[in-house]
Structure formats: structure tokens, C-alpha cells
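A short worksheet on the structure shown next.
Throughout, protein chains are lettered first and strands after them, A, B, ... in sequence-line order, and every chain is numbered starting at 1. These numbers were taken from a predicted model, which means no experiment stands behind them.
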Amino acid sequence: AQTVTQSQPEMSVQEAETVTLSCTYDTSESDYYLFWYKQPPSRQMILVIRQEAYKQQNATENRFSVNFQKAAKSFSLKISDSQLGDAAMYFCAYRSLSVSGYALNFGKGTSLLVTP
Amino acid sequence: DVKVTQSSRYLVKRTGEKVFLECVQDMDHENMFWYRQDPGLGLRLIYFSYDVKMKEKGDIPEGYSVSREKKERFSLILESASTNQTSMYLCASSPMDILWEPQHFGDGTRLSIL
């Protein structure tokens with residue numbers, strides 16, 4: 001199974017600043033999908049952004065963008081103009097296309113604190 | 001919007017009890033999943049199903065079973081609950097043939113085994 005590593009258990013950012021959450025993964029596949037999910041205290045897992053491995057262009061969703069480095073197997077999330085509502089657990093996830101059901105492999109998560 | 005509903009938000013059971021966690025989705029998705037979430041461990045896959053009556057083990061199936069009698073409903077069963085199964089349980093669903101589509105999650109069930 002593919003391993004997903006989030007090396008930062010906790011991160012802190014001031015409101016309006018920019019923060020980058022790191023994610024690396026281990027795979028021998030050439031095609032796959034990557035996702036970032038956000039889990040606020042309400043516990044609902046919310047999709048933040050997704051990336052197809054065959055696309056070289058980095059995905060962007062409003063204040064959220066990724067730096068996808070396929071050769072380095074890195075998929076970091078950048079949050080610009082951080083807001084108090086961005087405080088949450090963030091999970092990086094990998095979807096293999098070679099296993100039935102296309103289940104996700106998750107990292108252990110990064111807890112993001114946003115300070116005023 | 002896709003709606004994944006888990007029957008209980010909080011649940012307290014006793015050691016040795018048989019426990020049922022229910023999950024229903026309203027988007028006709030083929031794939032359904034059960035994850036367990038523990039602090040510092042992220043989400044770990046227990047079981048998944050890609051069709052009615054079909055199931056496959058995930059990474060941590062020991063002590064659990066599942067049932068999928070109808071497409072919209074996927075149940076997680078703790079045959080004889082133990083204290084080490086105290087955890088947060090998340091259900092998710094996704095379509096079979098739209099790989100771009102992310103998994104959609106329920107709100108989770110926080111289960112305590114006393």
C-alpha cells in the first residue's frame with residue numbers, strides 16, 4: 001500500500017499570512033489522484049483541493065493551491081490570506097487506480113492553528 | 001449535494017456487546033467505505049464495498065465485519081466490542097467510474113466502549 005507522510009503534526013499561522021502544509025507519498029504508479037481534506041471541529045471531512053498526477057499544472061481553488069512535484073512525490077498545500085475559519089485538521093490522501101474501490105490512503109494529519 | 005448520513009453522532013456501549021454502525025448515502029454511489037480515525041494515526045480503512053453484497057478488507061479489519069444488503073446502506077458491525085475499539089468512525093462513499101470524484105464523508109460516529 002502507498003504510504004502518505006505528513007511530517008508536521010501541528011502548524012500555526014497568523015491571520016492574513018500564508019502557510020504551507022507538506023505531504024509526501026511513496027508510490028511506483030504513474031497515474032493516481034491526490035487530495036487535501038479539511039476536518040474542522042465539527043468533524044465533517046471537506047474536500048479542499050485535488051490533483052491528477054498526469055496534469056503538470058498545479059491545482060488552485062481560491063486561497064488554496066498546491067505545489068505538486070511528481071518526481072519528488074511531494075504534494076504540499078499552500079493557504080494564502082489565512083482566516084480563522086481555516087483552523088482545522090488537514091489530511092493529505094492518495095488514490096491508487098490499481099486497487100478495487102479506489103480507496104484513499106491518508107496521512108496522519110496536520111493540525112493548523114490560526115491566530116488573530 | 002451528496003449526503004452521507006451516519007445513524008449516530010455519539011454512541012456508548014459495553015464490552016462484549018454487538019454494535020451496529022449504520023451509514024446511508026443518497027447519491028447511488030457504488031463504493032462505500034468505513035474508516036477509523038484515531039489521534040496521531042489519521043484515517044485507516046477498515047472495510048469497503050464496491051457493490052451490493054460485495055466487500056473487501058481494508059488495512060485493519062480485525063474485530064469488525066460489514067454488511068451491504070442495499071446499495072445505499074453500508075453497516076459496520078463490531079461482533080464483540082472491546083475497549084480498544086473506542087474511536088471515531090467515518091463512513092464515505094464515491095462513484096465507481098468517476099475517478100476524479102472525491103469520497104464524500106458522513107459526520108462521523110464517536111464510539112466509546114466501556
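Cation-pi geometry between Arg43(A) and Tyr10(B) is met: under 6.0 angstrom from the ring centre, within 45 degrees of the axis.
The number of heavy atoms from other shown groups lying within 6.0 Å of CG (Asn62(A)) does not exceed 12. For CZ of Arg14(B), the number of neighbouring non-hydrogen atoms (other residues, nucleotides, ligands) closer than 6.0 Å is 12 at most.
For the pair Lys108(A) and Pro39(B), the minimum side-chain heavy-atom distance is 4.5 Å or more. Taking the side chain as every heavy atom from C-beta outward, Met45(A) and Val4(B) never approach each other to under 4.5 Å.
Counting all heavy atoms, side chain and backbone alike, Tyr37(A) lies closest to Pro102(B) at OH-CB, 3.4 Å. Closest approach of Gln39(A) and Leu90(B) over heavy atoms only: NE2-CD1, 4.1 Å.
For Tyr33(A) (side chain) and Glu101(B) (main-chain N/O), no donor-acceptor pair under 3.5 Å exists by modelled atom type. A donor-acceptor pair is defined here as one N or O able to donate and one able to accept, closer than 3.5 Å; such a pair exists between the side chain of Gln44(A) and the backbone of Phe105(B).
Contact annotation for Leu47(A): only side-chain heavy atoms (C-beta onward) come within less than 4.5 Å of a heavy atom of chain B. For Leu43(B), the parts sitting under 4.5 Å from any heavy atom of chain A are the backbone and the side chain alike. Contacts of Gln6(A) with chain B are absent, with no heavy-atom separation under 4.5 Å from either backbone or side chain. Proximity to chain B (any heavy atom under 4.5 Å) is restricted, for Leu97(A), to the side chain, taken from C-beta onward. For a residue to count as touching a neighbouring chain, one of its non-hydrogen atoms must lie under 4.5 Å from one of that chain's; by this rule Met32(B) does not touch chain A. Contact annotation for Gln51(A): only backbone heavy atoms (N, CA, C, O) come within less than 4.5 Å of a heavy atom of chain B. Proximity to chain A is absent for every atom of Arg44(B), based on heavy atoms less than 4.5 angstrom apart. Residue contact with chain A, scored on non-hydrogen atoms closer than 4.5 Å, involves the side chain of Gln37(B) exclusively.
Leu21(B) and Val24(B) fall into different hydrophobic clusters, where Ile, Leu, Val, Met, Phe, Trp and Tyr are joined by side-chain heavy atoms under 4.5 Å apart, directly or via other members. With hydrophobic clusters built from ILVMFWY side chains whose heavy atoms lie under 4.5 angstrom apart, Phe91(A) shares a cluster with Leu45(B). Phe106(A) and Tyr25(A) are assigned to two separate hydrophobic clusters, defined by single-linkage of ILVMFWY side chains at heavy-atom distances under 4.5 Å. Transitive grouping of hydrophobic side chains (ILVMFWY, heavy atoms separated by less than 4.5 Å) brings Met96(B) and Met54(B) into a common cluster. Residue Val13(A) is grouped with residue Trp36(A) when hydrophobic side chains (ILVMFWY) are merged at heavy-atom distances under 4.5 angstrom, including chains of intermediate members.
Listed by first and then second residue, the side chain to side chain donor-acceptor pair (under 3.5 Å) pairs involving residues 67-80 of chain A are Asn67(A)-Gln69(A) (not counting sequence neighbours).
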